Amino acid sequence: MESYLSQNFEVKPKGTSDEALERWRNLCGVVKNPKRRFRFTANLSKRYEAAAMRRTNQEKLRIAVLVSKAAFQFIQGVAPSDYAVPEEVKAAGYGICADELSCIAEGHDLKKVKAHGGVTGIAEKLCTSTENGLTTDPDTLARRQDLFGINKFAEPQLRSFWVFVWEALQDMTLMILGVCAIFSLIVGIATEGWPLGAHDGLGIVASILLVVFVTATSDYRQSLQFRDLDKEKKKIAIQVTRNGGRQKMSIYDLLPGDIVHLSIGDQVPADGLFVSGFSVLIDESSLTGESEPVMVSDENPFLLSGTKVQDGSCKMIITTVGMRTQWGKLMATLSEGGDDETPLQVKLNGVATIIGKIGLFFAVVTFAVLVNGLISRKWREGTHWYWAGDEALELLEYFAIAMMNDKALVRNLAACETMGSSTTICSDKTGTLTTNHMTVVKSCIGLNVKEITNESSLRTELPESTLKLLLQSIFNNTGGEVVANKNGKHEILGTPTETALLEFALSLGGDFHAERQASKLIKVEPFNSTKKRMGVVLELPNGGGLRAHSKGASEIVLATCDKVINANGETVPLDAEILEHLTVTIDQFANESLRTLCLVYMDMENAGFTPNDPMPTEGYTCIGIVGIKDPVRPGVKESVAMCRAAGITVRMVTGDNINTAKAIARECGILTDDGIAIEGPVFREKSLEELEKIVPKIQVMARSSPLDKHTLVKHLRTTFNEVVAVTGDGTNDAPALHEADIGLAMGIAGTEVAKESADVIILDDNFSTIVTVAKWGRSVYINIQKFVQFQLTVNIVALLVNFFSACWTGSAPLTAVQLLWVNMIMDTLGALALATEPPNDDLMKRTPVGRQGNFISNVMWRNILGQSFYQFMVIWFLQANGKALFGLQGPEGDLSLNTLIFNSFVFCQIFNEISSRDMEEIDVFKGILDNYVFVAVISITLFFQIIIVEYLGTFANTTPLSFMQWFISIFIGFLGMPVAAGLKKIPV
């Protein structure tokens, strides 16, 4: 079945085309309840609608850009706008309304921007400051919110419980049984009167309602969990200036007039205008479908909600929020689009469809056999032209029994199932294997190596000129910032690396704000994971000319230098001896698991340099090298060992120096004696033949680029058929996250681009949590296998018992009401009992399923067929010999025998449910009391079985059993456990 699905329907683990999903839906078209089965999967019509909206947006923006370019040619001659401020807006103290702001952003209307006084003029009309942002007076913020709206998108209304009841009623079997119940009531009351004639019909109705309400309750709770998960997914924080101070805020709290700071990987949180920044490239593909990034600057200041910062950094003013933005309108459609089916959903739906069709075939045959028996009997009696009410009811009962042979599997699973099949984890180092709390612990400034402690004397030992250069370099060439928090205390914002450097500079007595104000930034080249460095160009005060500062990977940045500052603060040539000293220092730092950065500078000629010119790539002077400590997270070594025991290979992919990477990898237990550590540039030069030899052995890749990571993942997946999980936190990790079978984004350090590209977000950025995800993934997969094993066994036995009984005796021992109860045991209650088993460490002692593993394994078939054979034989033995064995005679004897068969059948399922807790281990009682849901389900099943047999005979067609008959029923069910244990000893 699985090879048939992949070959003919191309339903992949991720990235399946809409056309393939459409073909797959058509295959599953004849199902019991498609409304429930596909509720949490992709709504293809909504996806087509969203694609059409993107095309419209693309055309709108294309026209808007063309108009803007034309308008810019004549911008100086713009006449004052005839825009009139609405009275309520004017009364509130603002000079522009929400509709006008929305029109400016959506139309990219430069003329209107100019007419309102440019970005500064719009800021004034919004009563805000581009430097200090909004004031945080609650009344003012509330008034602003009332006028301009909130930054939230319309969400589909939470469906009420009764909607789920209605959906549960759409089940084809239940609808047919409902019709049977109505006819049964009409015929029964007409022939036998009330209430005697209503018992059969009311019994079916009560059973249907019980099944519907239990199903609806389960589905309703699931919908609430999905909603909570969706809310967690949408929690995004952004850097905002309010009251003159930088702070992190939820994007939902943003208002027009807020000043927002964006950097690489951030998602633009609302429509707005560019205030200031450098080299800003915006990816608008999510909104327009256009893959080419757009440069944003003073000439093109428009930033649209939902787009991503691909490069550079900037400050923007929010102008339009929420549903007034194009992204808000698009999200309203996209939110109903849903997600693709997960691989396990596809397999389960395939199993369900096959079972459904087989069940339908047997249902028709069973009904035909039963009707043939009734008509043959009436023909022999010569009453075939005369039909009494009882016979009509008998015909309806046959139809109901036959339809209950059709069963279905309807499960909705989380994407973490793929993680359970993973054979390789490609992990980042920083923040995942390490704590991401960095500090500068060693330095080599002026060629002197020094340990940095709280009592360090480095500040007094450095020449004043060297110290000044060092502080200028750190405070200006940074993506971080030192700000005052709400309590007026200094707070450092930025990446852990930037934070470590800024803390180091502050400890040397530096003043961040004074240093930033002393010179003017001319150009900024943000850190790039390909170039492994970042740089700035400053205009020095008092006509001091231009100076470039650069920092980054030590060996790469040091290679751009031809001079160095010595211990006396003098600039001297970088000769071979000094170069050797610095190279040895870098290696020494790296071997101590330190991340090394080299800081360099260059005085430039003023002539002709513009912000559009590239940074110099040679001729720098080395200021020094710093070693930054990022300790390994507690528990990582144990987690890596657990992965190794579980058959999962952990590979570390990092941008760090190879010696640093190897030292950390050994400390984590990743790099072994037979493993390979390789640098990205070396990996890139390898031929395909060489890669095939070394890729399986690669455990560490250092100085890697995003392309290296992507190439490694692709080789592992395609050439070696591995199921690959990849961690990532940056924008450049997106290709690898897409390529992997499962992408894991870091929730704390990750950019919004990385999170959007990922399948799972690790909220604490911890490698141990990744192992937990793998454990849960395996748990999901194995639990569903247990449930399917249990359900297929019940299906096969119930189908065979009623079919052969109909052929052999002309009647079925299990009635419609009884089968409805069995259906609930095996479906809703069975799922609750078996599919909610919590994960345990033993799961990580098994080998992974991998890409080629069959969902219904040989072990499952062994257990299903063996248990089904046992149950069928004992039920058939009771059917054939039960009357003689228990001395049962007459019509009451038939009822007692059928009740005994029904009771034995149910107890077979109860004990088989316990045996199904583990498909291979004999001890199935281990940890059973820790699973409260399982214990509760078994207890509830026992309680209701007693009630049905002893007290609901009129409705359920049962009669009270004697103590001996109860004992025999329970004993027959219990014997299934040693049978199951014996089956587990048979090798497959």
Side-chain angles (χ1 to χ4, degrees), residues 75 78 80-153 237-262 268-277 296 298 301-305 314-328 481 483-486 488:
I75 203 76
V78 172
S81 172
D82 58 357
Y83 166 71
V85 184
E87 287 302 321
E88 62 171 337
V89 175
K90 194 183 293 183
Y94 301 106
I96 193 168
C97 70
D99 289 336
E100 178 75 354
L101 290 166
S102 177
C103 186
I104 289 171
E106 189 173 335
H108 279 45
D109 200 328
L110 265 177
K111 286 177 69 177
K112 283 192 175 182
V113 173
K114 182 68 176 179
H116 285 290
V119 174
T120 306
I122 289 174
E124 289 173 0
K125 291 182 177 184
L126 279 171
C127 301
T128 188
S129 161
T130 55
E131 291 299 321
N132 297 322
L134 297 177
T135 57
T136 53
D137 174 58
D139 294 335
T140 306
L141 292 177
R143 188 162 60 248
R144 187 181 293 268
Q145 183 174 299
D146 291 339
L147 279 174
F148 296 101
I150 58 173
N151 198 34
K152 289 186 179 177
F153 307 129
I238 200 102
Q239 293 282 345
V240 179
T241 294
R242 279 192 179 178
N243 275 353
R246 284 270 289 269
Q247 56 185 280
K248 268 193 173 184
M249 273 178 52
S250 166
I251 61 168
Y252 298 129
D253 296 329
L254 293 177
L255 293 168
D258 265 320
I259 303 301
V260 171
H261 302 264
L262 299 174
V268 180
D271 289 356
L273 297 170
F274 173 88
V275 175
S276 62
V296 172
D298 292 323
F302 304 102
L303 289 152
L304 298 179
S305 175
C314 72
K315 192 160 68 170
M316 71 175 288
I317 180 172
I318 302 295
T319 58
T320 311
V321 293
M323 291 307 295
R324 293 182 184 275
T325 66
Q326 277 299 305
W327 182 248
E481 193 170 351
V483 299
N485 60 22
K486 294 178 181 178

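Only a predicted model underlies this, so the values are computations on that prediction, with no experimental measurement involved. Just so it is clear, the values below take in all heavy atoms, side chains as well, and ignore hydrogens, waters and symmetry mates.
The heavy-atom pair separating Val240 from Val260 by the smallest distance is CG2-CG2, 4.1 Å. Shown here for Lys112 and Cys103, the closest heavy-atom pair between the two residues is NZ-SG, 3.4 Å. Taking both residues in full, the closest heavy atoms of Ser305 and Pro269 are given as OG-O, 3.7 Å, listed atom of the first, atom of the second, then distance. When all heavy atoms are compared, the tightest approach of Ile317 to Val275 is N-CG2, 3.7 Å.
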What's the verdict on side chain to side chain contact (heavy atoms under 4.5 Å, CB included) for Glu100 and Asp109, showing C-alpha distance, side-chain angles and the deciding distance? CA-CA 10 Å; Glu100 178 75 354; Asp109 200 328; over 6 Å; no
Side chain to side chain contact (heavy atoms under 4.5 Å, CB included) assessment of Phe302 paired with Leu110: CA-CA 9 Å; Phe302 304 102; Leu110 265 177; 4.0 Å; yes
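Asn243 pairs by the side chain to side chain donor-acceptor pair (under 3.5 Å) definition with Thr136, not counting sequence neighbours. Partners of Asn151 under the side chain to side chain donor-acceptor pair (under 3.5 Å) rule, at least two apart in sequence or in another chain, do not exist in this structure. Phe274 pairs by the ring-ring contact (aromatic ring centres under 6.0 Å, His included) definition with nothing, not counting sequence neighbours. Partners of Thr241 under the side chain to side chain donor-acceptor pair (under 3.5 Å) rule, at least two apart in sequence or in another chain, are His261. With sequence neighbours excluded, the residues forming a salt bridge (Lys or Arg N to Asp or Glu O under 4.0 Å) with Glu481 are Arg246, listed by chain and number. Applying the salt bridge (Lys or Arg N to Asp or Glu O under 4.0 Å) test to Asp99 and every residue at least two apart in sequence or in another chain returns Arg324.
Looking only at side-chain heavy atoms (C-beta outward), Met316 and Val296 stay at 4.5 Å or farther from each other. Val268 is not listed as a side-chain neighbour of Leu304, based on a closest heavy-atom distance of 4.5 Å or more. Inter-residue side-chain proximity for Ile238 and Leu254 is flagged as met; some heavy-atom pair is nearer than 4.5 Å. Between Ile259 and Glu131, the closest side-chain pair of non-hydrogen atoms is not below 4.5 Å. Using a 4.5 Å heavy-atom threshold, the side chains of Pro256 and Val321 count as touching. Leu255 is listed as a side-chain neighbour of Arg242, based on a closest heavy-atom distance under 4.5 Å.
Atom CD1 of Ile122 is separated from atom CD1 of Ile96 by 5.0 Å, given to the nearest 0.5 angstrom. Leu101 CG to Ile318 CD1: the interatomic distance, rounded to the nearest 0.5 Å, is 11.5 Å. Rounding to the nearest 0.5 Å gives a distance of 5.0 Å between CG of Asp258 and CE of Met249. Atom CG of Leu134 sits about 4.0 Å away from atom OG1 of Thr128, to the nearest 0.5 Å. Note: Met323 CE to Ile150 CD1 = 11.0 Å, rounded to the nearest 0.5 Å. Atom-to-atom distance recorded for Asp253:CG and Gln145:CD is 8.5 Å, nearest 0.5 angstrom.
Remark: the backbone N or O of Thr130 is paired with a side-chain donor or acceptor of Lys315 at under 3.5 angstrom.
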